[in-house]
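Here's the structure, in structure tokens; my notes come after.
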There are 2 protein chains.
Amino acid sequence: MKPRHRQDALVRNLRRQGTSTISRLAEEVGASRRTVLRDIAALRDEGFVIHSETGPGGGLFLDPRSVQTTARLSVAEVFALLISVASMRAAGTLPFSGLADAALAKIEKALPSDKVQDLRRFLDCLYVGPLAPEVDITNLGKMDPALLPAFEPAFLNRLRLRFHYRDAKGVETTRHVEPQAMLILPPLWYLVAWDPSRQDFRHFRMDRISAPECVEGSAFRRRQVPFDDSVRPVRQTLD
Amino acid sequence: MKPRHRQDALVRNLRRQGTSTISRLAEEVGASRRTVLRDIAALRDEGFVIHSETGPGGGLFLDPRSVQTTARLSVAEVFALLISVASMRAAGTLPFSGLADAALAKIEKALPSDKVQDLRRFLDCLYVGPLAPEVDITNLGKMDPALLPAFEPAFLNRLRLRFHYRDAKGVETTRHVEPQAMLILPPLWYLVAWDPSRQDFRHFRMDRISAPECVEGSAFRRRQVPFDDSVRPVRQTLD
DNA sequence: TTAATGATGCCAAAAACTGGCACCATAAAT
DNA sequence: ATTTATGGTGCCAGTTTTTGGCATCATTAA
């Protein structure tokens, strides 16, 4: 058995039994006393808090608060969590958000990639706010989540995006833009993009976008997105 | 360099360069061609999707969607993420929430502990809704996050909780209750608990609780919490 | 004092990893 | 058809890491 798996088994046994002794653990995981001791030391190095007491009746005790998980998440999943947490922080009403931030920071650090940092920069542009009371939610279509996979590579790799867009008047056009940010004003998502042919920024309601496609090999540089909190009052005019 | 770290380096290089060849990677990570090939095989076993093409101009290509992280999170951190995601789902306005759910499911599964499932049962009672427009947020105190660590073991281990409570009239009493659920109505958190001395459920505003303390060795069983969505209209009467 | 327990250092055996080699398959270029 | 650049596999000896046994010490309850 690989060291890593054996150490996981040790943690499991310690959790289940509350307290145990080196010899018992050694028998349970099929390793020698010496090896278990080394594994315990390794776990302590990794941050597990394991108390020990010598003498008859002594043994090991794992502090449950120090138990950790080793989930493997994809970049997309990290992105999803990121949005969730960023949104809650923007809403500003939940405690634990500090902990959630810390957790995400860990996840990002463990990710063998620095692309998530790029995503984070886009997230900085997000604003999540309560819906104005006069807006009729049922009348506002939501974007189709099935379209999202097409957007991700565009943001990750700064690729131009081509899609069909049906504007407020129902007129359908084909656009070819450089995605700059996502703007979230629940329950609507907007794509903020630079339109090279018009030399200007445009907002697109995500639910009015269809057939999005990344244009391969078209990396562009990021532009200064011309809004911040002041976007708030603009809300009613977006569509 | 340890195999694990070398493999991480490989993934980093592949992500950065888009595509590469075995020989180039071998030089970059300071290992032999054979070893890199073995590492690639190991990565594939772990779920990384690495395409390869033979012949001149060929090479390796890592599908970015398959890149994974190996963060180690504590139970408390998982709880924090859980709340974040559960809240967003309750708000019902964000896409990606399916992905976030999947990510959390993975995290929970990887956690060598089943305590998080217990936490999840509490979370099922959460309701997160937009604040009624007539409520003046600035007048509503928020709970002190510093108090939270005292609550966590109470929920995790079903322990009785003792605390001081200052009610709406400013009268301070000492309570001794069995915590049953957290009720979130932004920006306020409520503790829903069974009060054995009164043989009834009580709601406590978290920001009016002080000096919370777990009562060790006092495990209790869960009671049927007598509310669901119908709690919504009750809102104005809670305090 | 004794016995049970955690903890550390040392060393040889065992296991895993590594790098070199030969060799194969494929596909583009000549 | 040949050459060349590439990924991929099997084998084996050398190297490195891990393991298990041993001796030994410290601590504490009986």
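Every chain is numbered from 1, with letters handed out A, B, ... down the list of sequences.
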- Message: With a 4.0 Å limit, can you tell me whether Arg6(A) has a side-chain N or O closer than that to the phosphate oxygens OP1/OP2 of dT18(D)?
- Response: no
- Message: Under the criterion salt bridge (charged side-chain N to carboxylate O under 4.0 Å, His left out), I'd like the reasoning laid out for Arg166(A) against Glu172(A): C-alpha separation, chi angles, the key distance, then a yes or no.
- Response: CA-CA 4 Å; Arg166(A) 180 177 47 78; Glu172(A) 189 145 340; 5.2 Å; no
- Note on the structure: Residues at least two apart in sequence or cross-chain that pass side chain to side chain contact (heavy atoms under 4.5 Å, CB included) with Ser197(A), listed by chain then number, are Asp195(A)
- Note on the structure: Rounded to whole Å, the CG-P distance (Leu10(A) to dG6(C)) equals 13 Å
Listing time: all N or O pairs from protein to nucleotides 5-12 of chain D that are below 3.5 Å?
unit_1  : atom_1 : unit_2   : atom_2 : d
dT6(D)  : O2     : Gly55(B) : N      : 3.4
dG7(D)  : OP1    : Ile22(B) : N      : 2.9
dG7(D)  : OP2    : Ile22(B) : N      : 3.3
dG7(D)  : O3'    : Ser52(B) : OG     : 3.2
dG7(D)  : N7     : Arg33(B) : NH2    : 3.1
dG8(D)  : OP1    : Arg44(B) : NH1    : 3.0
dG8(D)  : OP1    : Arg44(B) : NH2    : 3.3
dG8(D)  : OP1    : Ser52(B) : OG     : 2.9
dG10(D) : N7     : Arg34(B) : NH2    : 3.4
dG10(D) : O6     : Arg34(B) : NE     : 2.9

- Query: Donor-acceptor pair, Arg44(B) side chain versus Ile50(B) backbone, under 3.5 Å?
  - Reply: yes
- Message: Over all strands shown, is Arg24(A) touching base, sugar-phosphate only, or nothing at heavy-atom distances under 4.0 angstrom?
- Response: nothing
- Which whole-number value in Å describes the distance from Gln7(A) CD to dT18(D) P? 10 Å
- Query: Asp39(A) has an atom CG; how far is it from atom C1' of dA7(C), in whole Å?
  - Reply: 15 Å
- Message: For Phe61(A) and His51(A), take the angle between the two ring planes, folded into 0 to 90°, and tell me which bin it lands in: parallel under 30, tilted 30 to 60, perpendicular over 60.
- Response: parallel
- Is the shortest side-chain N/O distance from Thr35(A) to OP1 or OP2 of dG20(D) below 4.0 Å? yes
Going by atom type alone, with no hydrogens or angles, which donor-acceptor pairs under 3.5 Å involve a side-chain atom of residues 30-37 of chain A and a protein atom two or more places apart or on another chain?
unit_1   : atom_1 : unit_2   : atom_2 : d
Ser32(A) : OG     : Thr35(A) : N      : 3.2
Ser32(A) : OG     : Thr35(A) : OG1    : 3.1

- Message: What I want to check is whether the side chains of His164(B) and Thr174(B) have a donor and an acceptor closer together than 3.5 Å.
- Response: yes
